[in-house]
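Following: one structure in structure tokens, then a few remarks.
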Amino acid sequence: MKILSIQSWVSHGHAGNAAAVFPLQRLGADVIAVHTVLFSNHTGYGAWRGRIVDAGLVRDVVAGVEERGALADTDALLTGYLGDAAIGEAVLDAHARLVRANPKALWCCDPVIGDVGRGVFVRPGIPEFFRDRCMPAADILTPNHFELDWLTGRQTRTLSELRDAAHALMARGPKRILVTSLHVEDTPEDAIDVLALDAAAAYRLRVPHLPILGRGTGDVIAALFLVHTLAGLPLTDCLARAVSSLHGVLAATVAAGREEMVLIAAQAELVAPSRLFTPERLP
């Protein structure tokens with residue numbers, strides 16, 4: 001399989017393409033990586049250097065890839081942090097080029113907007129762009145709990161409220177939704193829930209909370225969820241394998257006393273998680 005991944009790039013640590021490309025490649029996917037920013041490190045550090053890539057350059061790189069005929073056998077587009085709303089237009093242009101070349105190609109959109117505790121941390125216009133332009137065109141959406149609430153204009157505190165909100169998003173376009181970093185009323189303080197839904201079913205998977213900030217984790221899990229979807233796995237297996245692999249990488253990171261994910265050292269977790277968690281089917 002082949003995936004066009006349009007995301008940020010950091011030189012230190014793992015975020016955006018620096019978090020997604022290696023897991024995709026380790027699981028057998030060819031990756032066409034196009035970077036939306038070139039930063040020294042994840043912005044979660046509070047300080048960084050580098051710059052946002054010009055939207056015209058992003059568009060030009062994708063056009064060059066198209067001219068090589070490389071989009072005809074590309075199975076999916078994966079997008080995350082945009083950096084600037086203008087880059088969103090280049091992403092929409094890339095999606096249009098991809099579906100012209102391969103009408104069966106999927107779009108997995110990680111709507112990077114913000115998080116609990118930090119609030120919205122992207123530039124003005126980006127959240128609205130995700131909501132109004134990207135979400136209706138995406139096949140798979142992977143918001144965290146905060147982003148799900150922002151996109152729906154709701155505050156979801158119970159599992160029932162969260163499912164209703166996710167279904168409201170699905171009614172606008174996406175066929176599969178993965179909600180990460182989920183914490184509702186019945187989620188224990190020492191655990192994190194992840195929810196996966198499609199038109200037929202909904203599953204929740206609960207894993208132990210680990211003492212780590214987890215920079216770039218959303219980028220990793222979106223990539224894993226997409227690659228397992230492209231492999232034809234059922235929704236429950238996509239959820240179980242993606243979450244279990246990420247948990248294994250994070251557990252190895254904690255054990256190593258590191259702050260940034262040890263993706264390379266723990267790469268076996270990407271292929272065969274040492275602990276495979278079992279999702280709960282919701283009624």
Side-chain angles (χ1 to χ4, degrees), residues 1-9 16-17 19-21 23-25 27-38 52-113 122 125-143 151 169-178 198-199 218-219 222-233 235 238:
M1 68 184 74
K2 186 190 293 183
I3 297 169
L4 171 63
S5 183
I6 305 178
Q7 300 194 62
S8 58
W9 178 264
N17 272 335
V21 171
L24 291 173
Q25 292 173 329
L27 289 170
D30 287 327
V31 183
I32 302 171
V34 180
H35 305 325
T36 58
V37 307
L38 299 173
I52 297 171
V53 174
D54 178 78
L57 179 57
V58 174
R59 192 187 298 259
D60 199 38
V61 169
V62 175
V65 171
E66 180 187 37
E67 290 167 358
R68 304 286 77 74
L71 296 183
D73 61 345
T74 297
D75 301 289
L77 169 66
L78 175 63
T79 60
Y81 184 83
L82 294 179
D84 188 273
I87 294 178
E89 296 294 341
V91 167
L92 290 177
D93 178 71
H95 180 245
R97 291 174 185 272
L98 176 58
V99 295
R100 281 199 303 267
N102 179 10
K104 295 181 179 179
L106 301 179
W107 181 5
C108 179
C109 175
D110 182 11
V112 180
I113 295 171
V122 295
I126 291 177
E128 294 79 8
F129 190 87
F130 276 122
R131 181 190 63 200
D132 301 332
R133 305 289 303 283
C134 295
M135 187 173 63
D139 299 285
I140 302 170
L141 200 70
T142 63
L151 290 168
L169 289 186
M170 289 178 64
R172 295 192 57 198
K175 301 172 184 64
R176 277 189 172 184
I177 292 183
L178 181 75
D198 61 15
D219 306 315
L224 294 172
F225 190 74
L226 172 60
V227 77
H228 293 315
T229 296
L230 292 175
L233 297 183
L235 179 65
C238 292

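For the single chain, residues carry numbers from 1 onward in sequence order. We use all heavy atoms of the structure for the numbers below, so side chains are in, but hydrogens, waters and symmetry mates are not.
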* For the pair V34 and V53, evaluate side-chain contact (heavy atoms from CB on, under 4.5 Å) and give the outcome as yes or no after the intermediate values. => CA-CA 10 Å; V34 180; V53 174; over 6 Å; no

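- The salt bridge (Lys or Arg N to Asp or Glu O under 4.0 Å) contacts involving residues 99-113 comprise E66-R100, where partners must be two or more places apart or lie in separate chains.
- Here the side chains of I87 and F129 are not in contact, with every heavy-atom distance at 4.5 Å or above.
- Two residues are said to be in side-chain contact when any heavy atoms from C-beta on lie closer than 4.5 Å; F130 and L82 meet this criterion.
- To the nearest 0.5 Å, atom CG of residue L230 and atom CE of residue M1 are 5.5 Å apart.
- C108 is not listed as a side-chain neighbour of L106, based on a closest heavy-atom distance of 4.5 Å or more.
- In this structure a side-chain-to-backbone donor-acceptor pair under 3.5 Å is missing from N102 to L71.
- Heavy-atom minimum distance, V62 versus A94: CG1-CB, 3.8 Å.
- Within the 3.5 Å criterion, the main-chain N or O of K2 finds a donor-acceptor partner in the side chain of D75.
- Here the rule is side-chain contact (heavy atoms from CB on, under 4.5 Å) with P174, and of T142, D198, L141 only L141 fits it.
- Looking at L78 and L24, their side chains come closer than 4.5 Å, going by heavy atoms from C-beta outward.
- Atom CG in D60 sits 8.0 Å away from atom CD in E67 (nearest 0.5 Å).
- Inter-residue side-chain proximity for I177 and P143 is flagged as met; some heavy-atom pair is nearer than 4.5 Å.
- Counting heavy atoms from C-beta on, the side chains of D73 and D30 never come closer than 4.5 Å.
- Across every non-hydrogen atom of A20 and A223, the tightest pair is CB-CB, 3.9 Å.
- The closest side-chain heavy-atom distance from L178 to I140 is not below 4.5 Å.
- Closest heavy-atom contact between D84 and I52: CB-CG2, 4.2 Å.
- Distance OG1/T229 to CG/L224: 10.5 Å, rounded to 0.5 Å.
- Minimum heavy-atom separation, G16 to D219: N-OD2, 2.8 Å.
- Side-chain atoms of T79 never come within 3.5 Å of backbone atoms of C109 as a donor-acceptor pair (strictly under, hydrogens ignored).
- Side-chain contact between V65 and R97 is absent, with no heavy atoms from C-beta onward closer than 4.5 Å.
- The minimum heavy-atom distance linking V91 with L77 is given by the pair O-CD2, 4.4 Å.
- Here the closest heavy-atom approach between residue M135 and residue L151 is recorded as SD-CD1, 4.4 Å.
- To the nearest 0.5 Å, atoms CZ (R131) and CD1 (I113) are separated by 9.0 Å.
- In this structure, the side chain of S8 does not engage the main chain of G80 through any donor-acceptor pair within 3.5 Å.
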